[in-house]
**Student:** 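One structure, pasted below without further comment.
All values derive from a computational prediction rather than experimental measurement. Convention: sequence-line order gives letters A, B, ...; per-chain numbering from 1.
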Number of protein chains: 2
Amino acid sequence: MSGMEPRRADSIAQELEELIFSGGFADGDRLDEVRLAEQFGVSRTPLREAFQRLAQTGLVEQIPRRGVFVRQPGAVELLEMFEVMAELEAACGRYAARRISDSALDDLREANARCKAAVERADLDAYYLENERFHKIIYAQSGNGFLETEANRLHKRLKPFRRQQLRLRGRMRQSMSEHETVVQMLTEGDAEGAARALRDHVAVQGEKFHHLVAGLKTAAS
Amino acid sequence: MSGMEPRRADSIAQELEELIFSGGFADGDRLDEVRLAEQFGVSRTPLREAFQRLAQTGLVEQIPRRGVFVRQPGAVELLEMFEVMAELEAACGRYAARRISDSALDDLREANARCKAAVERADLDAYYLENERFHKIIYAQSGNGFLETEANRLHKRLKPFRRQQLRLRGRMRQSMSEHETVVQMLTEGDAEGAARALRDHVAVQGEKFHHLVAGLKTAAS
DNA sequence: GTCAATCATCTTGTATACAAAAAGAAACGC
DNA sequence: GCGTTTCTTTTTGTATACAAGATGATTGAC
């Protein structure tokens, strides 16, 4: 995909991102420049560059003259992000309903079929992969490159949380039927219908997750 | 507002931002690290930090081992950005219709009245300022902090372009009447109506601007 | 004369060195 | 004993030095 050798700072940013996503750090943890530098075997310079990349996506907060601290979103902020994701997806759907190509519609149906197969096998990983394909096709078919980029950005940030939410009982099956509604609306060229279907589809994910997290908190207290 | 001394890199990023916004650089121009460093009287290190800030907001593009290049959006990309802005504002409006407080509604009416006064005086600067207040109130009243942040981010980026578009004949007056529709919808708690009014209000700005730029290009060729 | 290869130069990326600010510890006064 | 103040230590921010890739010129082959 890219024959270009990435700069060291880039790969470090990616690795740190993975670490934070996978729960390697708690909310508020300070990222020690010197410790991480020797851990990665580089100097502080590329690390500081990596920190800025992370700050840009909101994964860490840089406080001047204090340091950088990981920022794991709480239940409320997560719900807010899912709400925005729902709006972006709705917008993609509205545009895509008017602009989507026949071949893209076929791709959508194909991804959906593979999703269905994954549900039958209860294969969470496969489902997750095809689900992502499904959504990215819609982003692209919005015909708005900026919208597509923004949607992908937020989609990526919500990735680790969406996954947990899928584990809820019956969620995969429900999600599938929502996908089918989306495809139908896009096929009919119903812009508002597609927008509504996508908004609800994504918003429900956020709400489920919100309940999940809120529930955990209550249980822990 | 902030008693905190900003780091040097921050202020440099801001200055560069201003420079790019105000047309100090053309699309594709390369930002020379050493030249700018001595121009600002600092070393390359804080400049490189500043570059990353700018890359994050999309003002410049960093190409590994090549350098950073300013990226002035063209007519198409600008239209795309306005379309996304329209969707974000519509979302703010939809939420705000259910959540807005009475005092915020008063603030909105007040800002609108000052807008009107500015139109009468044909005072572009005053109009622009109050218009911004108007929109930011709606972002805040969405009750979704993440949405508010994202809306403000894009709003800021579109700032220099929105301004030019206001110069079109009759645009300020039209914009005013659109504002009044928005206030009415929010007062009535009509979520979909507020969303539609705001989407149209912002989308038309993008379209006007698109025509404006496209027209310039055609005339120049 | 054109094209290719090599070499010189310039630019970016990284490492190290230094300065200044914040955090923490110890001494002092009450 | 508690709070305050000073001093030490740690940590961030910036400058400089060095390494490696990219650009452009020069040379040579055909």
**Student:** Can you tell me which residue among Arg157(A), Lys159(A), Lys156(A), Arg53(A) is in a salt bridge (Lys or Arg N to Asp or Glu O under 4.0 Å) with Glu17(A)?
**Tutor:** Lys156(A)
**Student:** Take the protein atom CZ of Phe69(B) and the nucleotide atom C1' of dA22(D), then report the distance between them rounded to whole Å.
**Tutor:** 11 Å
**Student:** In whole Å, I'd like the distance from the CD1 atom of Ile63(A) to the P atom of dG13(D).
**Tutor:** 11 Å
**Student:** For DNA chain C, which residues of residues 39-54 of chain A approach it to below 4.0 angstrom with any heavy atom?
**Tutor:** Val42(A), Ser43(A), Arg44(A), Thr45(A), Pro46(A)
**Student:** Who are the side chain to side chain donor-acceptor pair (under 3.5 Å) partners of Tyr127(B), not counting sequence neighbours?
**Tutor:** Ser175(B)
**Student:** Can you tell me how far the CD atom of Gln141(B) sits from the CD1 atom of Ile100(B), to the nearest 0.5 Å?
**Tutor:** 5.0 Å
**Student:** I want to check one thing: is the phosphate of dT12(D), taken as OP1 and OP2, less than 4.0 Å away from some side-chain N or O of Arg30(A)?
**Tutor:** yes
**Student:** How do Glu33(A) and Arg66(B) order along DNA chain D: which one's closest nucleotide is nearer the 5' end?
**Tutor:** Glu33(A)
**Student:** May I have the distance from Arg65(B) (atom CZ) to dA20(D) (atom P), rounded to whole angstrom?
**Tutor:** 10 Å
**Student:** Rounded to whole Å, please give me the gap between CD in Glu38(B) and C1' in dA15(D).
**Tutor:** 15 Å
**Student:** Could you state the CG-P distance from Asp32(B) to dG13(C), rounded to the nearest angstrom?
**Tutor:** 13 Å
**Student:** What class does the angle between the rings of His179(A) and Phe134(A) fall in, given that below 30° is parallel, 30 to 60° is tilted and above 60° is perpendicular?
**Tutor:** parallel
**Student:** CD/Glu15(A) to CD1/Ile20(A) distance, rounded to the nearest 0.5 angstrom?
**Tutor:** 12.0 Å
**Student:** Round to a whole Å and report the spacing from CD of Gln62(B) to C1' of dG13(C).
**Tutor:** 11 Å
**Student:** Using atom CZ of Arg8(A) as one end and atom C1' of dA19(D) as the other, report the distance to the nearest whole Å.
**Tutor:** 11 Å
**Student:** Which is it for Glu38(B) and Glu33(B) under the side-chain contact (heavy atoms from CB on, under 4.5 Å) test, yes or no, and what are the steps along the way?
**Tutor:** CA-CA 9 Å; Glu38(B) 63 185 38; Glu33(B) 287 185 7; over 6 Å; no
